[in-house]
Protein chains: 2
Amino acid sequence: MNNSGLINKIATQLTQEILSGVITPGGHLVAQQIADKYRVSRTPARDALITLEKFDLLELQPYRGYFVTEDSPQSKARDLLKQLGSDKDYYFQLVDDWLSDDLPVTVTEQYLRNRYDLTKARLNDLLARAAREGWAEPKEGYGWSFLPVAKTTEAFEDIYRFRLAIEPAAMLEPGFEAKPKVLAELRRSQEKLLEVDLGNIPEQLLVSGSNFHEELIKLSNNNYFYSSLKRINQMRRLMEYRAEFHWERLIGECNQHLEIISHLESGEIIEASYLMRRHLQGALKRKTNTILEKNNT
Amino acid sequence: MNNSGLINKIATQLTQEILSGVITPGGHLVAQQIADKYRVSRTPARDALITLEKFDLLELQPYRGYFVTEDSPQSKARDLLKQLGSDKDYYFQLVDDWLSDDLPVTVTEQYLRNRYDLTKARLNDLLARAAREGWAEPKEGYGWSFLPVAKTTEAFEDIYRFRLAIEPAAMLEPGFEAKPKVLAELRRSQEKLLEVDLGNIPEQLLVSGSNFHEELIKLSNNNYFYSSLKRINQMRRLMEYRAEFHWERLIGECNQHLEIISHLESGEIIEASYLMRRHLQGALKRKTNTILEKNNT
DNA sequence: TATTGCACTTTAAAACATATAAATGCAATG
DNA sequence: CATTGCATTTATATGTTTTAAAGTGCAATA
């Protein structure tokens, strides 16, 4: 077995799903199904299963399959996660350095390779990702430029005002469909957030905020709304992952999300669109205040 | 001197500027200025100048500079453009194949390299660009997926409705500044379009439509509006560059653009925003009709 | 004194050989 | 007969060397 990022990623995901109870003890994990889910071949899927088996999270019944161990040992799961996650994530390193003004505006690939000790291909991935997410671009000649986005309070506000322009509008698109199934799913996940002991929640669930908005805008059936929100959310996360989390705020936002869902469920799209506007306006006000406070201390 | 894409690009641009009269005969082209404009070093800028000089578009006065020849020979300029442009543009080839359903949804890099006879690095550029423009993405394992965007009438409409959501809104951003200099520049370029004999115009000027909208949205001082419009315009061009051009339409659009500029110049932002909405709605209606006609023949 | 001309350095792309990871087909087994 | 196990094929990454392109500093000169 090898030690690639892909196997690592799948193993991490599976472990989190076991930890959070999405996959229940005794469950049968089939390599092919996992492969399909990630749109890869069985090989990395199987290798991920083997990884989990080594940590006693799974039991192997030869030629029958991998089954989640009945007494699912949480501590081992956490050990595994720790080990898997210990891979330095150079991307976040890069982001962090850029956000904290620790990088020149333009750099050569050489410079970055030396600084982060990366191979050409890895660096390429990194830069390609940064370019896709909109904050880096190749110069015409040699080198790359980093764009001055998302670094300041204003950038936060800009993001929220952009979302104010597109999210309520997306609901009023002619193709908008309030798919009951999607709405039910969203409702479930928001309600779950309110129920759970928040202190014990895997990070994975914390994305459900962005997720809510992205799933909702997807209902517009206009891909351009969806993809631009997705892109902007990626950038927003770059900033927010560095900030501490506000639990109280999350609860308030969940309730507003649920309200929006309710309106959509009863076909009151205009009202839902209006509430979305209010919701974002509120978030804009609060975030701005918080950041200002922080900068003043 | 070498034969790279960058020199080629600069040379093309310069030739077009001479052809269209942006650069007037006798004008002095300074390598450093060109270099600055493209954010590259003097080397490729200078090489581009040498290329033009070889075609008698420029006259070299040793140690003094390159000057546009007084009798600027149009035929030679066209020859040069032809020669420079004969470089196959693999990106557009790829786009074209994808838009005409001539490519599988998922492919390996190998496949693409064979099909288009590309080196690894070139293919990488290509895919990176496609990914940035939002219609290709790497699969988790090996291979790439192409996304089904911008291929149908609906996609056209989606784009215009997205623009309806952001462009008028951008004008109402708190940071919006109706910079007189920018407005004057835009006015000039739109008026020029109306003056010129359209049949004789280099393609370069045809982008001035997108350019108008992009420069305008930039005035909002909210980068997210600008960058999402830019991205969507790139995709729109992928579709439109295959369609024949409608000159009558261009004239109408220019006039509307000028009207919007007028309002901005006299500080009537709300009116300008409203006109922008009307302008886009009109374009939406017309484009949709045209495409429908085309499909019915 | 601004600009070109030119030598020289740095950067990155190409080419190729090798290593690793992923895809795939089929046998083995419960 | 579904699934794993495993061997084989294919695809991509890595490392090294070579080559081409771009960046840079300074002398030359109008």
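Heavy-atom basis, side chains included; hydrogens, waters and symmetry copies ignored. All figures in this text were calculated on a predicted structure; none of them were measured in a lab. To find a chain, count down the sequence lines: A is the first, B the second, and so on, and within it residues start at 1.
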Exercise for the section: Look at the side-chain N and O atoms of B:R122 and state whether any lies under 4.0 Å from the OP1 or OP2 oxygen of C:dA14. Expected result: yes

Handout entry: Gap between atoms CD and P, on B:E53 and C:dG5 respectively (whole Å)
Key = 9 Å

Practice task
Considering just the side-chain nitrogens and oxygens of B:R46, establish if one lies under 4.0 Å of OP1 or OP2 belonging to C:dG5.
Solution key: yes

Problem - Distance-only donor-acceptor test (3.5 Å): side chain B:R64, base C:dG5 - result: no

Exercise for the section: For D:dA22, take OP1 and OP2 only and decide whether either is under 4.0 Å from a side-chain N or O of B:T43. Expected result: no

Practice task
Answer yes when A:K37 and A:E17 have at least one side-chain N-carboxylate O distance shorter than 4.0 Å, and no when they do not.
Solution key: yes

Practice task
To the nearest Å, give me how far apart CG (B:L29) and C1' (C:dA2) are.
Solution key: 15 Å

Exercise for the section: Return the nearest nucleotide to the side chain of A:A121; candidates are D:dT12, C:dA28, D:dA13. Expected result: D:dA13

Exercise for the section: Can you establish whether the number of heavy atoms outside B:R129 located under 6.0 Å from its atom CZ is more than 12? Expected result: yes

Practice task
Examine the side chains of B:W144 and B:E137 and answer whether a donor and an acceptor come within less than 3.5 Å of each other.
Solution key: no

Problem - Residues which pass side-chain contact (heavy atoms from CB on, under 4.5 Å) with B:T43, listed by chain and number, not counting sequence neighbours - result: B:S41, B:D47

Practice task
Can you establish whether the number of heavy atoms outside A:R115 located under 6.0 Å from its atom CZ is more than 12?
Solution key: yes

Practice task
Report which part of the nucleic acid A:E109 touches: base, sugar-phosphate, or nothing (heavy-atom distance under 4.0 Å, all strands).
Solution key: sugar-phosphate

Exercise for the section: Return the 5'-most residue of the pair A:V40, B:L60 with respect to DNA chain C, ranking by each residue's nearest nucleotide. Expected result: B:L60

Exercise for the section: Give a yes/no answer on whether the side chain of B:T119 brings an N or O atom under 4.0 Å of OP1 or OP2 in C:dA14. Expected result: yes

Fill in the blank from the handout: Between B:Y111 and B:Y63, the residue closer to the 5' end of DNA chain D by nearest nucleotide is B:Y111

Handout entry: Atom-to-atom span, CG of A:N124 to C1' of D:dG15 - whole angstrom
Key = 15 Å

Problem - Closest-nucleotide ordering on DNA chain D, the 5'-leading residue of B:G141 and A:A31 - result: A:A31

Exercise for the section: Could you work out which one of D:dT12, C:dT3, C:dA12 sits closest to the side chain of B:H28? Expected result: C:dT3

Fill in the blank from the handout: In whole angstroms, the gap separating P of C:dA12 from CD of A:E140 amounts to 15 Å

Problem - Nearest-nucleotide pick for A:R42, side chain only, options being C:dT4, D:dC6, D:dG25 - result: D:dC6

Completion exercise
B:K139 NZ to D:dA11 P, in whole Å, measures 12 Å

Completion exercise
To the nearest angstrom, the NZ-C1' distance between A:K120 and D:dT16 comes to 11 Å

Problem - Protein-nucleotide distance (B:F67, atom CZ; C:dT3, atom P), rounded to Å - result: 9 Å

Exercise for the section: Could you tell me whether A:R113 atom CZ has more than 12 heavy atoms of other residues or ligands within 6.0 Å of it? Expected result: yes

Exercise for the section: Return the value, rounded to whole Å, for the distance between atom CD of A:Q61 and atom C1' of D:dT4. Expected result: 12 Å

Exercise for the section: Please confirm whether any donor atom in the side chain of A:Y142 sits under 3.5 Å from an acceptor in the base of C:dT11, or the reverse. Expected result: yes

Practice task
Determine: side-chain N/O of B:S41 to OP1/OP2 of D:dG23, distance under 4.0 Å, yes or no.
Solution key: yes

Exercise for the section: Report yes if at least one side-chain N or O of B:Y66 is closer than 4.0 Å to OP1 or OP2 of C:dG5; otherwise report no. Expected result: yes

